[in-house]
Protein chains: 2
Amino acid sequence: MVERGGSGVPGGRRKQRVSMADVAKLAGVSSQTVSRVSNGHPGVISSTREQVLAAMRELGYRPNSAARALRYGQFNTIGVILFSLSSTGNSRTVEAIATHAAAEGYATTLIPIDVPTQDNVLGAFTRMGELAVDAVIVIMEIHLLDTGTVQLPPGVHVVVVDSDAGDRYSVVDTDQADGARKAVRHLLDLGHRTVWHVTGPQESFAGQRRAQAWRAVLGEAGRPVPPALYGDWSAASGYEAGLVLPEPPDCTAVFAANDQMALGLLRAFHERGLSVPYDVSVVGFDDIPDAGFFVPPLTTVHQDFAEVGHRCVQKALEQIRAQTEARPGTDLVPTTLVVRGSTAPPSV
Amino acid sequence: MVERGGSGVPGGRRKQRVSMADVAKLAGVSSQTVSRVSNGHPGVISSTREQVLAAMRELGYRPNSAARALRYGQFNTIGVILFSLSSTGNSRTVEAIATHAAAEGYATTLIPIDVPTQDNVLGAFTRMGELAVDAVIVIMEIHLLDTGTVQLPPGVHVVVVDSDAGDRYSVVDTDQADGARKAVRHLLDLGHRTVWHVTGPQESFAGQRRAQAWRAVLGEAGRPVPPALYGDWSAASGYEAGLVLPEPPDCTAVFAANDQMALGLLRAFHERGLSVPYDVSVVGFDDIPDAGFFVPPLTTVHQDFAEVGHRCVQKALEQIRAQTEARPGTDLVPTTLVVRGSTAPPSV
DNA sequence: TGACAGCATGTTTACGTAAACATGACGGCG
DNA sequence: CGCCGTCATGTTTACGTAAACATGCTGTCA
């Protein structure tokens with residue numbers, strides 16, 4: 001391949017990118033015609049089109065998306081701000097977002113926040129303004145955002161996941177409360193007198209909602225409400241909780257705020273010589289792929305992360321296309337209870 | 001806020017974006033001076049700088065990254081092509097990529113491939129050419145890529161994860177073989193006569209490597225090589241395998257190619273009334289966060305996904321900065337064996 | 001036959017930024 | 001006192017694309 005000589009660029013780094021002008025020159029047409037071919041516009045006679053396509057192939061032409069974005073004022077990109085990708089649901093939500101966005105011709109840009117301090121979140125939002133993004137999906141406890149200082153750049157649309165900010169933002173979330181209700185009611189229906197609860201981290205909105213619902217169901221049913229045990233989503237914290245829970249018949253049923261903590265519980269009970277589900281019933285939340293293979297298989301609340309991601313993209317695209325501001329409101333994705341082997345009527 | 005009147009744009013959608021020219025007009029300077037302030041260039045007297053900054057604040061100016069990218073010929077973005085984000089390690093690798101990229105001022109764009117057919121991969125690569133990306137990290141069995149038809153756009157740098165394509169691409173991967181060796185040796189050292197193996201999917205490069213190493217270690221030690229049981233990474237497939245493995249003393253040790261299949265094994269053995277580790281020892285691979293809370297806690301090979309992601313970014317940035325083509329070669333990240341409660345000397 | 005519609009294609013311009021070059025004022029030194 | 005270097009700032013231009021407008025040719029119908 002020969003170094004292009006005609007380029008007026010003096011010395012240094014040669015230009016690697018093939019532009020429309022290059023294609024146009026080779027095909028012997030104007031760059032506008034190349035543009036029309038490139039975008040499939042009508043009004044190009046087929047012989048010309050063929051010539052242009054041939055030139056494109058020969059030079060390996062690819063449209064420059066920066067120039068396109070500049071021209072159109074759009075990036076065809078959705079940004080996702082998140083704290084951690086490792087947390088159970090996030091990666092599945094993000095995957096769904098990326099897949100659906102791709103199907104709509106949008107790319108997905110990740111904006112990770114290593115430590116969820118106010119400063120970092122703020123920084124991410126600031127950076128985001130400079131980022132090539134048409135809309136942003138925030139997967140994070142929203143209370144980190146709303147100290148008032150954080151100003152979203154205008155023209156950027158926002159959808160939020162896992163949050164109580166439905167009054168200010170457009171929110172999509174799993175119906176945490178309903179899921180938790182299903183879990184607790186299932187245990188009560190089996191005949192348990194009451195249900196213990198291992199919570200998520202206290203600053204987690206999802207965790208709070210699950211705990212609230214747990215408390216509410218017990219209250220409505222007139223059952224005693226045992227003290228909550230505080231976990232942090234990790235199996236380790238579930239294990240810790242499992243070691244300090246009282247023996248049956250004081251505790252015959254536990255609702256863990258997620259599956260990993262439920263796993264920790266299972267291990268703790270196993271070590272204590274308590275049989276699940278005969279001595280103690282355990283219900284989790286999330287329905288991670290492995291949940292069916294715990295010992296025993298875990299009864300849990302299934303979250304449809306894919307649907308959450310899907311709706312996020314829908315909402316974001318709606319906003320982009322309609323040029324609307326985020327319409328506040330919360331969109332709840334329903335859950336289902338998956339009954340497996342970790343729950344049974346109390347044996348006492 | 002008042003609709004700007006001076007804009008020559010007729011009718012329709014008003015321009016939302018504030019440009020340097022707007023800031024310049026308000027501050028009473030040229031747009032070049034605004035550019036200098038925006039980029040922290042020297043040679044702007046502080047009073048002028050203040051004026052410009054004030055104007056920026058007042059108008060809410062944010063640099064337009066499309067224009068920047070066009071000017072610089074760079075996007076400050078790394079693309080990640082992947083098949084699934086849900087697979088154990090991928091989400092952690094991607095998270096590490098995103099974090100390290102962000103630290104270097106690069107955004108991370110996800111290019112998901114829903115079904116790993118040749119067509120789709122090809123499509124992703126084609127799209128990628130149009131995508132605003134300076135380098136690409138491919139997390140995927142590479143053999144899907146190299147039928148020869150797939151042509152990477154020139155000027156895009158590539159790093160590959162989980163592949164044997166070290167002769168053509170720059171590859172970063174966990175040292176699969178060494179990890180598997182450690183697992184098998186650990187079991188032999190405990191006194192087991194031989195070790196059974198539940199593999200990953202046959203088209204997985206990582207799975208192949210682990211299986212090869214397993215076979216090699218047994219061969220070197222002069223032990224019989226039992227038939228491999230074929231799994232697909234899922235706990236379900238591990239469970240299936242666990243149901244058909246022979247009773248001790250024919251089978252006293254199993255090496256599962258990942259932790260989820262090991263989990264399935266544990267459940268199968270539990271159902272069969274076999275005690276782990278007294279009747280059968282089990283070793284996994286990955287060291288997922290929950291592995292320590294399986295029943296019993298799983299002995300497994302720890303993969304440093306974060307390091308893999310880190311090195312990917314390093315390599316990608318090296319290529320971008322040096323304007324070098326991908327230097328072929330494989331960079332292996334070491335593993336560690338984490339011994340927990342699922343392995344013990346054979347009781348027979 | 002001439003005017004005009006319709007169509008393929010070319011030319012101009014703008015998108016927002018920043019490098020390269022131009023300008024002009026001021027101060028120091030011969 | 002005048003020349004020139006330095007420094008703050010302005011002006012021009014190019015990056016690649018595509019809309020808007022311009023051009024020129026062909027064929028048709030009055």
Side-chain angles (χ1 to χ4, degrees), chain A residues 6-25 27-52 56 59 61-76 129-132 153 155, chain B residues 6-25 27-52 56 59 61-76 129-132 153 155:
Chain A
S7 130
V9 186
R13 182 217 280 184
R14 71 174 163 205
K15 146 175 157 196
Q16 329 202 17
R17 198 85 194 199
V18 180
S19 78
M20 278 193 169
D22 300 318
V23 176
K25 191 155 32 155
V29 299
S30 76
S31 63
Q32 184 53 37
T33 301
V34 178
S35 167
R36 282 189 266 255
V37 172
S38 171
N39 294 28
H41 281 293
V44 180
I45 210 168
S46 62
S47 64
T48 311
R49 177 183 307 273
E50 277 316 315
Q51 253 177 332
V52 171
M56 282 180 171
L59 297 177
Y61 168 76
R62 314 190 150 270
N64 179 319
S65 49
R68 265 197 155 112
L70 178 60
R71 191 83 241 287
Y72 286 130
Q74 278 216 8
F75 301 98
N76 279 14
E130 308 166 14
L131 224 55
Chain B
S7 131
V9 185
R13 184 216 279 184
R14 68 173 165 209
K15 145 176 155 193
Q16 330 203 18
R17 197 85 196 201
V18 179
S19 80
M20 278 194 168
D22 300 318
V23 176
K25 191 150 38 151
V29 298
S30 77
S31 64
Q32 185 52 38
T33 301
V34 177
S35 168
R36 282 190 265 256
V37 172
S38 171
N39 293 32
H41 281 293
V44 180
I45 209 167
S46 63
S47 63
T48 311
R49 176 181 307 273
E50 279 313 315
Q51 255 177 333
V52 171
M56 281 179 171
L59 297 176
Y61 169 75
R62 316 189 147 270
N64 179 320
S65 48
R68 265 198 154 111
L70 178 59
R71 191 80 242 288
Y72 286 130
Q74 278 217 7
F75 301 99
N76 277 17
E130 307 167 14
L131 225 55

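When reading the values below, keep in mind they use all heavy atoms of this one structure, side chains included, and skip hydrogens, waters and symmetry mates. Reminder, nothing fancy here: chain letters follow the sequence lines and each chain counts from 1.
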Query raised in the report: Does A:T48 make a side-chain N or O approach to OP1 or OP2 of C:dT9 shorter than 4.0 Å?
Result: yes
Query raised in the report: So, do A:V18 and A:M56 sit near enough that their side-chain heavy atoms are less than 4.5 Å apart?
Result: no
Query raised in the report: Which whole-number value in Å describes the distance from B:L70 CG to D:dA18 P?
Result: 12 Å
Report task. For B:G43 and for A:S35, locate the closest nucleotide of DNA chain D by heavy-atom distance; then report the residue assigned to the nucleotide nearer the 5' terminus. Result -> B:G43
Requested in this report: Kindly say if B:R68 contacts the phosphate of C:dA18, meaning a side-chain N or O under 4.0 Å from OP1 or OP2.
Outcome: yes
Query raised in the report: Between B:R71 (CZ) and C:dT17 (P), how many Å, whole number?
Result: 12 Å
Report summary line: Ranking C:dT9, D:dG16, C:dA18 by distance to the side chain of A:I45, first place goes to C:dT9
Report task. Could you go through the side-chain contact (heavy atoms from CB on, under 4.5 Å) check for A:R68 and A:S38 one step at a time? Result -> CA-CA 12 Å; A:R68 265 197 155 112; A:S38 171; 3.9 Å; yes
**Report entry** Whole-Å distance separating the CD atom of B:Q74 from the C1' atom of D:dG16
**Finding:** 16 Å
Query - Under 4.0 angstrom between B:N39 side-chain N/O and C:dT17 OP1 or OP2 - result: no
**Report entry** Between CD on residue B:Q51 and OG1 on residue B:T33, distance to nearest 0.5 Å
**Finding:** 10.5 Å
**Report entry** Under 4.0 angstrom between A:Y72 side-chain N/O and D:dA19 OP1 or OP2
**Finding:** yes
Report task. Could you tell me the separation between the CD atom of A:Q32 and the C1' atom of D:dG16, rounded to a whole number of Å? Result -> 12 Å
Report task. Check whether any side-chain N or O of A:S31 sits under 4.0 Å from OP1 or OP2 of D:dG16, and answer yes or no. Result -> no
Query raised in the report: Contact class for A:V29 vs. all strands (heavy atom < 4.0 Å): base, sugar-phosphate, or nothing?
Result: sugar-phosphate
Query raised in the report: Distance-only, no hydrogens or angles: does the B:N39 side chain make a donor-acceptor pair with backbone N or O of B:H41 under 3.5 Å?
Result: no
Query raised in the report: When the distance from CE of A:M20 to C1' of D:dA19 is rounded to whole Å, what number comes out?
Result: 12 Å
Report task. Rounded to the nearest angstrom, tell me the gap between atom NE2 in B:H41 and atom P in D:dT9. Result -> 15 Å
Query raised in the report: Tell me: CZ of B:F75 to P of D:dG16, nearest whole Å?
Result: 10 Å
Query raised in the report: Mind checking whether B:F75 and A:S65 have side chains closer than 4.5 Å, heavy atoms only?
Result: yes
Query raised in the report: For the side chain of A:N64, counting heavy atoms from C-beta on, which of C:dT9, D:dG16, C:dT17 is nearest?
Result: D:dG16
**Report entry** Donor-acceptor pair (no angle test) under 3.5 Å: B:R36 side chain, D:dG10 base
**Finding:** yes
Report summary line: Taken to the nearest whole Å, CG/B:N76 to P/C:dT17 is 15 Å
Requested in this report: Report which part of the nucleic acid A:V44 touches: base, sugar-phosphate, or nothing (heavy-atom distance under 4.0 Å, all strands).
Outcome: sugar-phosphate
